[in-house]
Amino acid sequence: MKPARTRFAPSPTGYMHVGGVRTALFAWLLARHTGGQFILRLEDTDKVREVEGSGEHIAKSLRWLGLNWDEGIEIGGPHAPYKQSERLDSYKEWGQKLIEKGRAYADPYSKEQLDEFRAAAQAAKKPFLYRNHRPTDPPAWDGTMPLRFKSDPKDYQWHDAVMGDLSAGAEAIDDFILIKSDGYPTYNFAHIIDDMIMQCTHVIRSQEFIASVPNYLNLYEALEIERPVLATVPMVLGPDGRKKLSKRDGAKDILDYAREGYLPEALINFMASLGWNDGTEQEVFSVPELIEKFSLERVQRGGAHFDERRLLWMNGAHIRALPLDDLCKLAVEYWPSNTSDSTEEYKKQVLGLVQERLKYLAELPELTSFFFADLPVNMRLIDDNKQLKKFSHAELKAMLEQARASLEQSDFSATDLTQRLNTLLEQTGQKPGVLFSLIRIATTQAPSSPGLAETLSVLGRETSFRRIDQLLAVLQ
RNA sequence: GGCCCCGUCGUCUAGUGGUCCAGGACGUCAGGUUCUCAUCCUGAAGAUCAGGGGUUCGACUCCCCUCGGGGUCACCA
């Protein structure tokens with residue numbers, strides 16, 4: 001396949017959630033798969049809806065995910081600028097060309113008149129078509145009125161790289177606005193001009209634009225430019241509704257996932273699986289694998305519901321697959337302040353023990369608290385334990401004293417501890433459910449922990465005995 | 001309402017005429033792994049392939065209709 005030049009062209013109106021980013025991901029994946037380029041362009045032509053700083057926020061999100069761009073905002077490129085608000089001249093120039101060709105004209109109506117037309121159409125249960133009111137003798141365009149496309153309505157059939165063969169009748173085509181009265185172009189016009197100038201080979205966008213495609217097809221013809229490959233990706237749906245995932249329903253900022261300690265690779269894997277698969281039974285993919293295997297042809301046509309539980313599982317799977325050294329680096333900013341006295345080596349050992357339990361990095365503190373601080377003795381852990389509650393405190397105390405004496409001889413390596421604990425089972429004649437539970441609770445004071453021998457080994461002799469003695473003092 | 005798109009387990013999906021009384025994964029439930037939590041392993045429940053007509057020896061797969069869902073009909077993208 002020839003190198004594809006794709007682009008992601010968000011509007012800076014807020015943060016990005018999984019739905020928006022997935023469209024970017026597919027465009028990026030195609031560019032990388034074909035050895036082409038990926039462009040990040042900002043469609044900031046709606047000054048009313050624009051949110052200060054969101055362009056930077058979006059760029060930050062993509063960067064965190066590793067969806068790097070070859071040209072675009074913040075880095076420039078051969079077709080700079082990549083902000084539409086800074087490209088007004090070229091829209092004006094191409095608008096002028098259309099006027100000269102007789103394919104664009106000034107819209108003389110007031111907002112009130114337009115509303116009347118629309119209301120009439122709605123009352124007649126008909127779709128509103130501006131071209132039914134096309135002025136016979138429009139004034140010259142002076143930039144204070146909207147500039148409209150003079151469409152040439154006709155039937156279209158076209159191929160969509162995802163949806164397959166599509167078609168629509170002439171009634172889908174209308175005289176849409178090219179340039180607004182504030183001088184900014186509409187999306188409908190600007191993206192076509194920019195994609196042409198920036199030589200994009202593929203336009204990948206979400207499904208809500210599919211109804212406008214006939215208009216774009218008509219405009220490509222009027223402009224006499226070659227049209228790129230069109231690809232319509234299905235929408236990402238909310239968890240339980242049938243509607244598009246939206247911020248209103250609590251769709252999270254992609255950077256919230258970054259803060260909570262989701263891995264970019266996991267998020268990418270998850271988003272890709274929302275509407276794409278390689279036809280095998282593989283579920284977990286690395287980014288390089290995704291790049292190698294991605295194709296638009298295998299993108300799903302129907303929408304996919306966003307299921308955060310699946311994302312959680314996938315993140316855990318990626319964490320488990322991480323080399324321990326990499327996990328250590330990622331974990332740095334998730335350690336609570338009371339761990340700063342501990343050595344890197346100690347933290348690494350702790351991480352090694354909780355790696356397979358971590359679903360996301362932000363739960364590191366609650367999973368590892370007892371490795372860094374003595375927790376208060378909690379008798380509930382013993383009294384509510386279904387094995388230990390059968391024994392009196394005096395019996396438990398005797399058992400723990402015996403265990404302590406035996407453990408005194410240990411060098412506290414995991415293997416030696418395992419051996420001694422096993423001998424202890426024989427000596428006491430107790431089940432692991434009793435003896436191990438007792439020692440585990442004594443040394444961690446936590447409802448759950450990694451395996452006993454490993455935990456003791458990492459805690460070390462001093463801490464282990466201090467905590468055992470603490471419990472012994474309370475057991476009367 | 002017009003136009004357009006979509007429709008396989010709760011969810012993500014495999015399936016391009018026979019190997020499918022439909023396979024995998026998440027989730028759920030049960031059991032196993034020397035204690036807990038998790039991992040890992042095993043097993044179970046879970047889809048009349050939206051419904052109805054065709055075509056065909058044979059249809060989840062092709063055609064038609066119906067139903068359901070969604071998108072769009074902005075000086076928003």
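Quick caveat: nothing in here was measured; it's all calculated off a predicted structure. So that the names make sense, note that chain A is the first sequence line, chain B the second, and so on, each numbered from 1.
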Distance between C1' atoms of B:C65 and B:G27 (Å, rounded): 37 Å

A:Leu114, nearest nucleotide to its side chain (from B:G2, B:C6, B:C75): B:C75

A:Ile177, nearest nucleotide to its side chain (from B:C75, B:G71, B:U13): B:C75

Contact list for RNA chain B against residues 418-441 of chain A - heavy-atom distance below 4.0 Å: A:Asn422, A:Leu425, A:Pro432, A:Gly433, A:Phe436, A:Ser437, A:Arg440

Nearest-angstrom distance, C1' atom, B:U8 to B:G24: 13 Å

Minimum-distance nucleotide (side-chain atoms of A:Arg49 versus B:U39, B:A77, B:C12): B:A77

Gap in Å between the two C1' atoms, one belonging to B:G51 and one to B:C57, rounded: 25 Å

N/O (side chain, A:Arg118) to phosphate O (OP1/OP2, B:C75) under 4.0 Å: yes

Any A:Arg148 side-chain nitrogen or oxygen under 4.0 Å from OP1 or OP2 of B:C75: yes

Gap in Å between the two P atoms, one belonging to B:C6 and one to B:U13, rounded: 15 Å

A:Arg41 bridged to A:Asp195 by N-O distance under 4.0 Å: yes

Sugar-phosphate, base or nothing in reach of A:Arg298, heavy atoms under 4.0 Å: sugar-phosphate

Short side-chain N/O contact to B:C6 OP1/OP2 from A:Arg301, under 4.0 Å: yes

Listed nucleotide nearest any side-chain atom of A:Arg310, set B:A74, B:A77, B:C12: B:C12

Student check: side-chain heavy atoms of A:Val350 and A:Phe372 closer than 4.5 Å: yes

Out of B:C3, B:A25, B:A77, whichever nucleotide has its closest atom nearest the side chain of A:Glu171: B:C3

Minimum-distance nucleotide (side-chain atoms of A:Lys125 versus B:C12, B:G1, B:A77): B:G1

Sugar-phosphate only, base, or nothing, as touched by A:Leu452 at under 4.0 Å among non-hydrogen atoms: base

Nucleotide-resolved protein contact map, nucleotides 59-68 of chain B, B/S/- at heavy-atom distance under 4.0 Å: ----------

Sugar-phosphate, base or nothing in reach of A:Ser167, heavy atoms under 4.0 Å: sugar-phosphate

Partner of A:Tyr105 under side-chain contact (heavy atoms from CB on, under 4.5 Å), chosen from A:Pro138, A:Pro139, A:Pro146: A:Pro138

Nearest-angstrom distance, P atom, B:G52 to B:C67: 15 Å

C1' atoms of B:U39 and B:G23, separation to the nearest Å: 25 Å

Candidate nucleotides B:C37, B:C5, B:U13, ranked by approach to the side chain of A:Arg357 - the nearest: B:C37

Spacing of A:Leu274 atom CG relative to B:U13 atom C1', expressed in whole Å: 11 Å

Of the listed nucleotides B:U11, B:A77, B:C5, the one nearest the side chain of A:Thr45: B:A77

Euclidean distance, atom CD of residue A:Glu208 to atom C1' of B:G70 [Å, nearest integer]: 11 Å

Sequence neighbours excluded - side chain to side chain donor-acceptor pair (under 3.5 Å) pairs with any residue from residues 116-127 of chain A: none

Given B:C12, B:A77, B:G2, the nucleotide with the shortest approach to the side chain of A:Lys180: B:A77

I'd like a table of donor-acceptor pairs (distance under 3.5 Å, sequence neighbours excluded) in which one partner is a side-chain atom from residues 297-305 of chain A, with atom names and distances.
from     : atom 1 : to       : atom 2 : distance (Å)
A:Arg298 : NE     : A:Asn277 : O      : 3.0
A:Arg298 : NH2    : A:Asn277 : OD1    : 3.1
A:Arg301 : NH1    : A:Met163 : O      : 2.7
A:His305 : ND1    : A:Gly238 : O      : 2.9
A:His305 : ND1    : A:Gly241 : O      : 3.3

B:U11: pairing nucleotide in any strand, Watson-Crick or G-U under 3.5 angstrom: B:A25

Interatomic distance, A:Asp307 CG vs B:U28 P [rounded to whole Å]: 11 Å

Nearest-Å distance for atom pair CD/P, residues A:Gln387 and B:C35: 10 Å

A:Arg49/A:Asp46 salt bridge by N-O under 4.0 Å criterion: yes

OP1 or OP2 of B:C4 under 4.0 Å from side-chain N/O of A:Gln207: no

Nearest to side-chain heavy atoms of A:Glu283, which nucleotide of B:U39, B:G24, B:G2: B:G24

A:Lys150, NZ: over 12 other non-hydrogen atoms inside 6.0 angstrom: no

Counter-base of B:U36, judged by Watson-Crick or G-U geometry with both distances under 3.5 Å: none

Side-chain atoms of residues 397-404 of chain A: list all donor-acceptor pairs with protein atoms under 3.5 Å, sequence neighbours left out, distances to 0.1 Å.
from     : atom 1 : to       : atom 2 : distance (Å)
A:Arg404 : NE     : A:Asp469 : OD1    : 2.6
A:Arg404 : NH1    : A:Glu408 : OE2    : 2.4
A:Arg404 : NH2    : A:Asp469 : OD1    : 3.4
A:Arg404 : NH2    : A:Asp469 : OD2    : 2.8

Near-strand residues of residues 150-162 of chain A, defined as heavy-atom separation under 4.0 angstrom from RNA chain B: none

Rounded C1' spacing from B:U55 to B:C63 in Å: 7 Å

Interatomic distance at P, B:C41 relative to B:U33, whole Å: 16 Å

Separation of B:C76 P from A:Arg248 CZ (nearest whole Å): 22 Å

For B:G1, the Watson-Crick or wobble counterpart (both distances under 3.5 Å): B:C73

Heavy atoms of other groups near A:Lys247 NZ, more than 12 under 6.0 Å: yes

